[in-house]
Structures are given as C-alpha cells and as structure tokens.
Amino acid sequence: MAPHALSDPSPLQDFCVADLKATTPVDGFPCKPASTVVDDDFFSRAITASASTRNPFGVNATRATASTFPGLNTLGLSITRVDMAPGGLNPPHSHPRASELVMVLKGEVTVGFTTSANQLFSKAVRENELFVVPRGLQHFQLNTGAGDAVFVAMFDSQSPGAVTPTFSLFATKPAMPMEVLAKTFLMTEDEVGAMKSKFDGF
C-alpha cells in the first residue's frame, strides 16, 4: 500500500494557473486555459511590503496563496510574511493542512510548538536561521528581540488553513455554548464572559 501523501496531491500537468474568475466550484481553483497564461502569472509582489502591526497582538501576516498568487495553484506551496512589533505575538494556532518552515529575516523570534503529548519544543531563531513546525500542531511566534522582527513561513500546501483556539472558542458565530466554555476552563460563566469580551470585534 502506498504511503499517504505528505502534501497537496501532485499536479497532473506542468502548471494550472488559478482562474480566479471561474464560477465552477472545485476544491481549489480550476485552471486558466493554457493559451491565456502569461509570465506574470508565475510572479508576485504579494509579500514585498511591510504591514501595520498596530493591533493588540503587534503582528501582521501577509499571505501569498493561490488566491493572491494564481501560479501557485496545484503546486502544493504557499508563503506568508509576518511583521512583528517589539514584543509582538503570533498567538498559538495550527495549520491542519501543512507543515511550516520558518525563516527569520530580521530580528529574533522565539518559535515553539506543542506535541500531542503536551511537550513543548521552542527555540530563539535569529536572522537567516530556520525552525520547522510539523503539520497540524499548535505553535506560536514571539518577538523576543530588541526591535521589530520579520519572518517568512513556508507551507507545503497552497491552502494551509489556520485554527487559532482563542478565536475558535471565544469569537465564533454563533457563540460557543457558555456551559461548554465554563466546564472546559473550570471557570464561572461570569469569568468566561469577561474573557470573551476581550475578543469582541475579532
């Protein structure tokens, strides 16, 4: 029996530039006709500019996925640029469809992930150094340097997905049942309500 694929399925042709205007629903994007594909379909400036970090977490992610960089469609790749203010935190989250390779471009970023056995692996990563996060595991990035930090995160999926527990528990629509949250966190409903109020607007 063949092993399970460790990334998106292999393409069946040289390329499949995403047709972002197509109306046919598929898992991903249908291909543009090859005769309409041009050089710029394989080029992107999506992550060249820094983004504002003026938010409660002091972090901003700029993504290049198939929806913003059509040439990535079916190639099983995507990349994200993350700008971080001093002390900025990319909160614990997971990517259900991808492993993540972090490369720090500026500053120092502590990267960590937890395993299914609740073991933490973390490291202070500096310029041009790498840290890898296995698929689906909760992980975080924290700016532990003296100034701003920038890193890129590379994924083995064109659509890695992101699940952030704080948002998926406290900012859902409709709201997660209060009883579930109170019992999960061993808190009173008033305490849960106070915590939920911090995520209003996210």
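We count residues from 1, following the sequence as given. The basis for the numbers below is simple: all heavy atoms, side chains too, and nothing from hydrogens, waters or symmetry mates.
Under the 3.5 Å distance criterion, with hydrogens and angles disregarded, a donor-acceptor pair is assigned to the side chains of N73 and Q158. Looking at E108 and T144, their side chains do bring a donor and an acceptor atom within 3.5 Å of each other. T110 and S122 form no side-chain donor-acceptor contact under 3.5 Å, judged by distance and modelled atom types alone. Between the side chains of H139 and E100, a donor-acceptor pair is found at a separation under 3.5 Å.
Looking only at side-chain heavy atoms (C-beta outward), V111 and V133 come within less than 4.5 Å of each other. At a threshold of 4.5 Å between non-hydrogen side-chain atoms, the residues I79 and F155 do not count as touching. Residues V104 and E129 form no side-chain contact, since every pair of their non-hydrogen atoms from C-beta on lies 4.5 Å or further apart. With contacts defined as side-chain heavy-atom distances shorter than 4.5 Å, the pair V37/F15 qualifies. Using a 4.5 Å cut-off on side-chain heavy atoms (C-beta onward), Q119 and T114 make no contact. The shortest side-chain heavy-atom distance between V59 and T53 does not fall under the 4.5 Å cut-off. Contact of the L20 side chain with the F29 side chain is registered, since non-hydrogen atoms from C-beta on lie closer than 4.5 Å. Counting heavy atoms from C-beta outward, L105 and E127 have side chains that stay 4.5 Å or more apart.
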Should D156 and R97 be marked as a salt bridge (Lys or Arg N to Asp or Glu O under 4.0 Å) after you check the CA-CA gap, both sets of side-chain angles, and the distance that decides it? CA-CA 8 Å; D156 60 340; R97 295 183 291 276; over 6 Å; no
Run M103 and F151 through side-chain contact (heavy atoms from CB on, under 4.5 Å) and show every step you take. CA-CA 6 Å; M103 180 175 181; F151 69 87; over 6 Å; no
Would V102 and V132 count as a side-chain contact (heavy atoms from CB on, under 4.5 Å) here? Give the steps. CA-CA 6 Å; V102 172; V132 66; over 6 Å; no
Between S67 and T65, is the side chain to side chain donor-acceptor pair (under 3.5 Å) condition met? List the steps. CA-CA 5 Å; S67 61; T65 62; 2.9 Å; yes
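Between F167 and F57, the two ring planes are perpendicular [angle over 60°; tilted spans 30° to 60°].
A61 approaches T80 most closely through the heavy-atom pair CB-CG2, 3.8 Å. Of all heavy-atom pairs spanning P30 and C16, the tightest one is C-SG, 4.2 Å. When all heavy atoms of S78 and S157 are compared, the closest pair comes out as OG-O, 2.6 Å. Nearest heavy-atom pair, V192 versus F170, reported as atom, atom and distance to 0.1 Å: CG1-CE2, 4.4 Å. When all heavy atoms of N60 and A51 are compared, the pair lying nearest together is CG-CB, 3.6 Å. A pairwise comparison of heavy atoms in P96 and R135 identifies O-CG, 4.0 Å as the closest pair.
A donor-acceptor distance shorter than 3.5 angstrom exists from the side chain of N55 to the backbone of G58, with no hydrogens or angles considered. D83 places no side-chain N or O within 3.5 Å of a backbone atom of S50 that could act as its donor or acceptor partner. In this structure a side-chain-to-backbone donor-acceptor pair under 3.5 Å is present from T184 to V180. In this structure, the side chain of S168 engages the main chain of T164 through a donor-acceptor pair within 3.5 Å. At least one donor-acceptor pair closer than 3.5 Å links the side chain of R81 to the backbone N or O of T48.
Distance check, rounded to the nearest 0.5 Å: CG of L137 to NE2 of H93 gives 11.5 Å. Between the NZ atom in K106 and the CG atom in D148 there is a gap of 5.0 Å [rounded to 0.5 Å]. Atoms CG and CG, from D41 and D39 in turn, are 8.5 Å apart once rounded to the nearest 0.5 Å. For the atom pair L142 CG and L89 CG, the distance stands at 5.5 Å (nearest 0.5 Å). In this structure, S159 OG and L72 CG are separated by 11.5 Å, a value rounded to the nearest 0.5 Å. Put simply, CG on L169 and NZ on K196 are 10.0 Å apart, with the number rounded to the nearest 0.5 Å.
Both V125 and M84 are assigned to one and the same hydrophobic cluster, defined by single-linkage of ILVMFWY side chains at heavy-atom distances under 4.5 Å. A chain of hydrophobic side-chain contacts below 4.5 Å, direct or via other Ile, Leu, Val, Met, Phe, Trp or Tyr residues, connects F185 to M195. When hydrophobic clusters are built by joining Ile, Leu, Val, Met, Phe, Trp and Tyr residues whose side-chain heavy atoms come closer than 4.5 Å, directly or via intermediates, V152 is not grouped with V109. Hydrophobic cluster membership differs between V163 and M176, with clusters built from Ile, Leu, Val, Met, Phe, Trp and Tyr side chains linked at under 4.5 angstrom.
Taking the ring centroids of F113 and F140, they lie at or beyond the 6.0 Å cut-off. Remark: aromatic rings of F131 and F121 are distant, center separation not under 6.0 Å.
The environment of R63 atom CZ is sparse: at most 12 non-hydrogen atoms of other residues, nucleotides or ligands sit within 6.0 angstrom.
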